[in-house]
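Inspection log for the structure reproduced underneath, given as structure tokens.
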Amino acid sequence: MCGIVGYIGTKNSLPILIEGLKRLEYRGYDSAGVAIINSKECKVIKTKGKVSELEKLVSAHPVESHLGIGHTRWATHGEPNTINAHPHFNKEKTLFLIHNGIIENYLSLKKGLLKEGYEFISETDTEVLTHLIDHYLKLKNSLFQAVRYALNEVEGTYGIAVIYKNEPDKIVVAKKGSPLVIGLGENENFVASDVNALITHTKQVIYLEDGEIAEIHKDSYTTKTISDETIIKEIFHVDVGIDDITKGGYPHFMLKEIMDQPESIYNSMRGRLVYDEGISKLGGLQGFEDRIINSKRIIISACGTSWHAALVGEYMIEQYAGIPVEVEYASEMRYRNPIISKEDTVIFISQSGETADTLAAMKEAKKKGALCLGICNVVGSSIARESDAGVYIHAGPEIGVASTKAFTSQIVVLVLITLMLARKRNLSLPDGQDIIKHMQKLNEKVAEILKQNEYIKDIAEKYADSKNFLYLGRGYHFPVALEGALKLKEISYIHAEGYPAAEMKHGPIALIDNNMPVVFIATKDSVYEKVVSNIQEVRARKGRILAIVNEGDTQIESMVDHVIKIPKSHNILNPILSVIPLQLIAYHIAVKKGLNVDQPRNLAKSVTVE
Ligand code: F6R
């Protein structure tokens, strides 16, 4: 959460900072600010609200400077207002700091600083860190050393960038638990919390690791550990283009990303299927296959939408590879001392690769000796770097806060892993080839569903005034029901719950009346007839029913209010198809309600705090 950007070079920094903040706004958008330093003055401009508000203020006070930092905030400590917005500064307004993360011991640090006479104007943990650095600046007379000493006292997580009037030739940055990237240019350098803010300027980047600190000048940089040892960092080339991070003519990123899915799904499997052998080849797992196959147990851990993908993974790995699988919320796993052994493989799924809970759960599993694999979208992200091995989903940047194309690509990768494991266990060659044949047709089928966008919009709008929704599915469609409900609640603010359809009679059926829309995912699979019975139960109680069914299904059509038809596929691929109408339903309801689809209230794209 929170977006960080910084510039040092020969150009005017403010337009670069504002452009970078706009690209990072999906990470947090309750307030924003910039600080710049030039030979005459230091200036900080902050405001509650979005980067567009900040931009208006900045345009009203144009100032030339070649050094600056900017921040877009997702509030943790203190409400989202202008005072709590970053950058924070010292009393003299000569030292400026932006921060992503949480300083856990900020209260005890604050106590010490209060005793020394420091005064605080905000409610934030970040202001405490600013004054702590100020305290060490007075003792050490070096920004780099002051930041280093201060961070040695800090418990918690941070990605920070600091500038100081008396050392106007540098930005000091440091990382622990929150991402930080340095972008290398010609006579200019950049910092950011993710590469999207940099790619219009440079593709050469350095990823800081936890416990590292860097001093960045316009034409050089030094990287050290927090204990002051020099380290040499590898320079990476990032392969993200401007088209990947713009709306491409769509009104919202979310719709663009839903529409991207024929391509993103194809990209997730491209070059990874070997039809003749009925297997998948995953370069990122090379050398680890036997250890995974011989695992006593696989645990899949994730948060939110990625956790729903994990549930789909559990069903398919158990069914086809016959390895016991458990799925665990990363936020629970990290604190409950789970039983994990060296014989286990733990798969962590994360679109961003930066989710704090998932990263912490991975560190815990690593300590216990398990093989830790990452399934990530963002290349070079912390989970991708810190796992023992892994697979990128290659869905392309996902900017809309509600995850869509990452979910379908995560399932594709889980199918690839299942295929790899199952063929080495007991899946026959023809059965493996059958899955591959269906996978190869998946992008066409997704495109077919997307062609129904206008039809789905018409249906969705009929339900836009509902106050509650139930989503029901069985088997592979139970996680899809959870995902459909999550999509709706996060962007339309309508209360929605996902349930296994058969669980309805154990409680939720009491909710059914003619005001309760129920979305059934009811494709022709092994539990089809059971779902038909569940539909009858809702119908008998006058619930409004919208069903996702297979093309050619007339039985359910005659029983429900609306149907959306999707093509038939292999059962493990069905969730990829059935979730797409649910993504569109959520999208169109939110648009109809006039809500900010890409930046829903209280949320942020990358949850780098716990
Ligand atoms: C929902 C959504 C979130 C994320 C969750 C995990 O649409 O986007 O629930 O899935 O915050 O994020 P990642 O996958 O980046 O670890």
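Counting begins at 1 with the first residue of the sequence. Predicted, not measured: the structure shown is a model, and the values here were computed from it. What you see below is based on every heavy atom in this structure, not just the backbone, and it leaves out hydrogens, waters and symmetry mates. Note that ligands are numbered from 1 as they come in the structure, with each ligand's atoms numbered from 1 the same way.
Side-chain atoms of H394 and S268 form no donor-acceptor pair, as typed in the model, at a separation below 3.5 Å.
Note on E212 versus K233: salt bridge recorded, some NZ/NE/NH1/NH2 to OD/OE distance being below 4.0 Å.
Heavy atoms from other residues, nucleotides or ligands lying under 6.0 Å from CD of E314 number more than 12.
At a 4.0 Å heavy-atom cut-off, the residues surrounding ligand 1 are C303, G304, T305, S306, S350, Q351, S352, T355, V401, A402, S403, L486, K487, E490, V607, listed by chain and number.
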For residues 590-597, tabulate all N or O donor-acceptor pairs below 3.5 Å that involve a side-chain atom, not counting sequence neighbours.
from: K593; atom 1: NZ; to: S492; atom 2: O; distance (Å): 3.0
from: N596; atom 1: OD1; to: D598; atom 2: N; distance (Å): 3.3
from: N596; atom 1: OD1; to: Q599; atom 2: N; distance (Å): 3.1

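For residues 245-259, the pairs satisfying side-chain hydrogen bond (donor to acceptor under 3.5 Å, both in side chains) are H252-Y587, with sequence neighbours left out.
With sequence neighbours excluded, the residues that form a side chain to side chain contact (heavy atoms under 4.5 Å, CB included) with S352 are S350, E354, T355, S606.
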